[in-house]
2 protein chains.
Amino acid sequence: MSAPPLSAIDPRVTQLVNELIGRVADKWTMLILEALTEGGTMRFSALGRAVPGISQKMLTQTLRQMERDGLLTRTVHPVIPPRVDYHLTDLGLGLAEAFCGVWQWAETHLGRIETARRDFDART
Amino acid sequence: MSAPPLSAIDPRVTQLVNELIGRVADKWTMLILEALTEGGTMRFSALGRAVPGISQKMLTQTLRQMERDGLLTRTVHPVIPPRVDYHLTDLGLGLAEAFCGVWQWAETHLGRIETARRDFDART
DNA sequence: ATTTATACTTACCTTTTGGAAAGTGCCCCC
DNA sequence: GGGGGCACTTTCCAAAAGGTAAGTATAAAT
């Protein structure tokens, strides 16, 4: 499917913003964002514990992406065994705040969605 | 990775909300949400045109999910050739509003993220 | 000397996602 | 009676996501 879109308000910004949101709004990023919002500064292993179900691979990968996007800082302490601290930048905190709205929406309307699903499933 | 999470504020609501957000916050859902917010009532083909790059398969699939979740209504007019209208429910509109914050955040901070990325890539 | 702890990295492999394209149903129009 | 339009549905297949598990580095502790 192609052809020109409906509105001409945004030229290529829309494209970029969508890409950005897609990158930023995935499952693990949101969960890490939440953990760091609550936990302040956390080390790798603590994050692993705070985000149930995440694998080491995805934890590392997601943290790196977030660091790259400037959402958090990564501080390596030159000690052994290694210790690495993560904490949100103001950019990351801002994103967490913005997501707060979605979070709250989800929390308050969870019930309605569940019944909507049941109705739909019964109907079909 | 497993073990108990950091905070005990939310029992299993967190789980449900996360699942819900993951379902609701994907690329196509957001784009369709946006199209319908701007376009009001739209038919299948119009949505296909309004969301550039989506395939018929994903359009149908995403619309069905959204209908199931109660985010939009699907009205089949018994005419030939077929005509099906989609439009957001108040639930869907609420979600669109909630996402508005994220959208705006992304729009305003796009520049900062891009420079953060360049810095990171240069650093490594 | 071996074990332990931490924060990764890498290789392999399964599962999921999603695109392309062809098929379906149905009536109107020429 | 052949073609066209719309809204799907289905099948096949390639690409990407992501899990598991093993490996790496280092120094302190036993």
Side-chain angles (χ1 to χ4, degrees), chain A residues 1-3 6 15 18-32 35-36 39 41-69 72-87 120 123-124, chain B residues 1-3 6 18-19 21-32 35-36 39 41-69 72-87 120 123-124:
Chain A
M1 257 142 177
S2 52
L6 224 74
Q15 160 81 17
N18 282 332
E19 189 205 316
L20 178 61
I21 291 187
R23 214 170 277 273
V24 122
D26 82 307
K27 189 184 171 187
W28 298 131
T29 302
M30 288 196 303
L31 294 179
I32 291 174
L36 282 175
T41 297
M42 295 174 77
R43 48 195 301 195
F44 186 82
S45 50
L47 279 167
R49 263 171 270 123
V51 181
I54 197 169
S55 64
Q56 276 197 341
K57 184 188 174 182
M58 287 316 292
L59 183 54
T60 311
Q61 207 174 96
T62 310
L63 286 171
R64 284 294 143 76
Q65 265 173 202
M66 293 175 76
E67 190 196 356
R68 186 170 113 98
D69 288 341
L72 51 77
T73 57
R74 175 171 176 269
T75 314
V76 182
H77 302 282
V79 295
I80 282 183
R83 175 201 175 94
V84 180
D85 284 336
Y86 295 90
H87 91 272
F120 181 91
R123 219 180 306 139
T124 42
Chain B
M1 256 141 179
S2 53
L6 223 74
N18 282 332
E19 189 206 317
I21 290 188
R23 214 169 276 273
V24 121
D26 82 307
K27 190 184 170 186
W28 299 129
T29 303
M30 287 197 303
L31 294 179
I32 291 175
L36 282 175
T41 297
M42 296 174 77
R43 48 194 300 194
F44 187 81
S45 51
L47 278 167
R49 264 172 269 121
V51 181
I54 197 169
S55 64
Q56 277 198 339
K57 184 186 173 183
M58 286 317 292
L59 184 53
T60 310
Q61 208 173 96
T62 310
L63 286 171
R64 284 295 143 76
Q65 266 173 201
M66 292 173 77
E67 190 197 356
R68 186 170 113 98
D69 288 341
L72 50 77
T73 58
R74 174 170 178 270
T75 313
V76 183
H77 302 281
V79 295
I80 282 181
R83 174 199 175 96
V84 180
D85 285 336
Y86 294 91
H87 91 271
F120 182 90
R123 219 180 307 140
T124 41

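Heavy-atom basis, side chains included; hydrogens, waters and symmetry copies ignored. We name chains A, B, ... by the order of the sequence lines, and we start the count at 1 in each one.
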Euclidean distance, B:H87 NE2 relative to B:L36 CG, rounded to 0.5 Å: 9.5 Å
Both B:P81 and A:P81 contact DNA chain C. Taking the nearest nucleotide for each, which residue is further toward the 5' end? A:P81
Below the 4.0 Å mark, does C:dT6 have OP1 or OP2 next to a side-chain nitrogen or oxygen of A:R43? no
Report yes if some heavy atom in the side chain of A:R74 is under 4.5 Å from a heavy atom in the side chain of A:L63; otherwise report no. no
Please report the distance, rounded to the nearest Å, between NE2 in A:H77 and C1' in C:dA7. 13 Å
B:K27 atom NZ is separated from C:dG19 atom P, nearest whole Å, by 7 Å
Roughly, in whole Å, what's the span from CD1 in B:I54 to C1' in C:dA20? 15 Å
Rounded distance (Å) that lies between atom C1' of D:dT20 and atom CG of A:L59: 16 Å
Within this structure, what is the CD-to-C1' distance between B:Q56 and D:dG5, rounded to whole angstrom? 12 Å
Quick check for you: to the nearest 0.5 Å, what is the distance between B:M58 atom CE and B:D26 atom CG? 6.5 Å
Whole-Å gap separating P (C:dG18) and CD (B:Q65): 9 Å
Selected nucleotide, minimal atom distance to B:S45 side chain, candidates D:dA7, C:dT9, C:dA7: D:dA7
If the cut-off is 4.0 Å, is A:R74 near the phosphate of C:dA7, judged by side-chain N/O to OP1 or OP2? no
Go through it in stages, so that I can follow the logic: the residues are A:R64 and A:Q61, the test is side chain to side chain contact (heavy atoms under 4.5 Å, CB included), and I'd like the CA-CA distance, side-chain angles, deciding distance and then a yes or no. CA-CA 5 Å; A:R64 284 294 143 76; A:Q61 207 174 96; 5.9 Å; no
Can you check the A:Q61 CD to C:dT9 C1' distance for me, whole Å? 12 Å
On DNA chain C, check which nucleotide each of B:P82 and A:I80 is closest to and give me the residue with the more 5' one. A:I80
Establish, with yes or no, whether the OP1 or OP2 oxygen of C:dC8 is under 4.0 angstrom from a side-chain nitrogen or oxygen of A:Y86. yes
Taking the minimum atom-to-atom distance to the side chain of A:K57, which one of D:dA7, D:dT20, C:dG18 wins? D:dT20
A:R43 and A:D85, any side-chain heavy atoms less than 4.5 Å apart: yes
Which nucleotide wins on minimum distance to the side chain of A:T60, given the candidates D:dC8, C:dC8, D:dG19? C:dC8
It should be established whether A:R83 places a side-chain nitrogen or oxygen under 4.0 Å from OP1 or OP2 of nucleotide C:dA7. no
B:V84 has a side chain; which of D:dC6, D:dG19, D:dC8 sits nearest to it? D:dC8
Between C:dT6 (P) and A:D85 (CG): distance, integer Å: 13 Å
Which of the following nucleotides, C:dT6, D:dG19, D:dC8, is nearest to the side chain of B:R64? D:dC8
